[in-house]
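Below is one structure; the comments refer to it alone.
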Amino acid sequence: MFKAELSNPNILKTSFEAISAIVDEIQFQTDSEGLRLDALDRGHITFLHLDLKASLFDEYICDEPEKINIDTDEFMKVLKRSKSDDRVLLSLDEGNLIITFEGQAKRTFKIRLIDMEYEPATPPAIEYPTEFSIPFDLFKNSINDIDIYSDKVSLSVDSEKFKAFATGEFGEVNIEFIHGESVKEEASSVFSLEKISEMLKADKFSDNVTLSIGNDMPLTLSLKMISEEGELRFLLAPRIEN
Amino acid sequence: QYKQTTLDSYFKKD
């Protein structure tokens, strides 16, 4: 038996704004610890990991581990119908994920479970020279600034500053932010702006974003709830100079 | 010129 209840739909909704932009299908893995998913996009450019601990839910029951395969667009269509003060209940029957919104009315949606084409990828452990946190809004604004000039962004960090830079046909933009964190090395890599923008659709998950950057290494971007009961993490392959 | 890389080398199994 699987049953999970949340006092509002916002964490699921904001997570799947990003997840449904990146992958077509996902497998939720549930056990007594909580609900997780790992997914790699078709182009193998972005990997994502969502971890929602059992303690995050108002009620959480999972007698035995389950694998719940769903189409992310179909799930997002249902989540978009939620109201921010609705209670959300997730459960399963034979062949369906059942999503119930309890507010003014009780609304029950079923999504057919699907066969997965691929087994979910296991997240790789990558050793980084840097890790630091910056405000989510600042990062999102920087990406929107860069969008004026280019489809790619150079992200770099040193002991003092985080920098985002882009150059285009008609000019360039340079953003600097004193991060105030303990970063001992310098690192810089270039990334697709479109791919970063997809991740930042999860704009209500966390007030801060933790970034790990290396030199021509993937970007790790992590959104964590203050309570540490939820994390949405992305890994993005860099663009490198030919 | 820049080219988009993939994550394949990070997901290689031992």
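Chain naming here is simple, since letters A, B, ... match the order of the sequence lines and numbering starts at 1 in each. Values in this document were obtained by computation on a predicted structure and should not be read as measured data.
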Which value, rounded to the nearest 0.5 Å, describes the distance between [X] atom [atom1] and [Y] atom [atom2]?
| X | Y | atom1 | atom2 | answer |
| --- | --- | --- | --- | --- |
| Asp8(B) | Ile45(A) | CG | CD1 | 10.0 Å |
| Tyr10(B) | Phe47(A) | OH | CZ | 14.0 Å |
| Arg239(A) | Gln1(B) | CZ | CD | 10.0 Å |
| Ser154(A) | Tyr2(B) | OG | OH | 7.0 Å |
| Leu7(B) | Ile126(A) | CG | CD1 | 7.0 Å |

Original post:
Would you say Thr5(B)'s side chain and Pro238(A)'s backbone share a donor-acceptor pair under 3.5 angstrom?
Top reply: yes
**OP:** Spell out, as yes or no, whether a donor-acceptor pair under 3.5 Å connects the side chain of Gln4(B) to the backbone of Ile240(A).
**Re:** no
Original post:
With a 4.5 angstrom heavy-atom cut-off, which part of Leu40(A) approaches chain B: side chain, backbone, both or neither?
Top reply: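 Contact with chain B involves the side chain of Leu40(A) alone.
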**OP:** State, to 0.1 Å, how close Thr6(B) and Ala237(A) come at their nearest heavy-atom pair, and which atoms those are.
**Re:** C-CB, 3.6 Å
Original post:
Got a sec, which residues hit side chain to side chain donor-acceptor pair (under 3.5 Å) with Lys161(A), two or more places apart in sequence or on another chain?
Top reply: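 By the side chain to side chain donor-acceptor pair (under 3.5 Å) rule, Lys161(A) matches Glu176(A).
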**OP:** Kindly write out the residues that satisfy side chain to side chain donor-acceptor pair (under 3.5 Å) with Lys3(B), not counting sequence neighbours, or none if the list is empty.
**Re:** none
Subject >> Lys140(A) NZ: over 12 foreign heavy atoms closer than 6.0 Å >> reply: yes
Original post:
Would one find more than 12 heavy atoms of other residues, nucleotides or ligands at under 6.0 Å from atom CG of Asp115(A)?
Top reply: no
**OP:** Kindly write out the residues that satisfy ring pair (Phe, Tyr, Trp, His ring centres under 6.0 Å) with Phe132(A), not counting sequence neighbours, or none if the list is empty.
**Re:** Phe162(A), His179(A)
Subject >> For chain B, which residues of residues 210-227 of chain A have heavy atoms nearer than 4.5 angstrom >> reply: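 Expected list: Met217(A), Pro218(A).
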